[in-house]
Amino acid sequence: QLQLVESGGGLVEPGGSRRISCAASGFGRQVPFAIAWFRQAHGQGREGISCISSTNGVTKYVDSVKGRFTISRDNAKNTVYLQMNALTPEDSARYFCAARYSTVDTCSTSDDEYTHFGQGTQLTVSS
């Protein structure tokens, strides 16, 4: 059973940076997964913000994070990262990663396309 564990959240000052991680485990062989990051602010719906494909690392970003956030993956460590720069209070949310089995070199930020979600890590941007 695939498990996803996010880490790296916390309290960051406006303008600061943070890298959060998504570690995948529970599968016995190299399985191609596309990974996406979602976030959910208090009282709001879940928003897909970035994704990375399973093979050649094709990435996508929503406009609100484009140019500030960078998604990357280390397949040897079964870990996907989200580097977040120039953070604002509007970035405060619980951040979740999600996975779906995929052999094509594309990805989606639509949550209904993902089969596994982690529990999330909280990021608060405040002075």
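Both cation-pi conditions hold for Arg46 and Phe117: the charged atom is under 6.0 angstrom from the six-membered ring centre and inside a 45 degree cone around its axis.
A donor-acceptor distance shorter than 3.5 angstrom exists from the side chain of Glu6 to the backbone of Cys97, with no hydrogens or angles considered. A donor-acceptor pair under 3.5 Å links the side-chain atoms of Tyr61 to the main chain of Ile71, judged by distance alone. Between the side chain of Ser92 and the main chain of Thr124, no donor-acceptor pair closer than 3.5 Å is present. Using a distance-only test at 3.5 Å, with no hydrogens or angles considered, no donor-acceptor pair links the side chain of Lys60 to the main chain of Thr109. Judged purely by atom type and a 3.5 angstrom limit, Ser53 uses its side chain to pair as donor or acceptor with the backbone of Val58. Looking only at distances, no side-chain donor or acceptor of Arg39 sits under 3.5 Å from a matching main-chain atom of Glu47.
Residue Glu113 holds its CD atom at 9.5 Å from CG of Asp111, rounded to the nearest 0.5 Å.
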- [ ] Could you go through the side-chain contact (heavy atoms from CB on, under 4.5 Å) check for Tyr101 and Thr115 one step at a time?
- [x] CA-CA 8 Å; Tyr101 175 75; Thr115 55; over 6 Å; no
TODO: Could you go through the side-chain contact (heavy atoms from CB on, under 4.5 Å) check for Leu87 and Phe69 one step at a time?
DONE: CA-CA 9 Å; Leu87 288 164; Phe69 291 10; 3.8 Å; yes
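When the shell of 6.0 Å around CD of Gln83 is examined, it contains more than 12 heavy atoms from other residues, nucleotides or ligands.
In this model, no donor atom of one side chain and acceptor atom of the other lie less than 3.5 Å apart for Thr79 and Asp74. Between the side chains of Arg19 and Tyr81, no donor-acceptor pair of N or O atoms lies under 3.5 Å.
Minimum interatomic distance between Leu2 and Ala99 (heavy atoms only, all atoms of both residues): CD2-CB, 3.7 Å.
Contact check for Gln3 versus His116: no side-chain heavy atoms found under the 4.5 Å cut-off.
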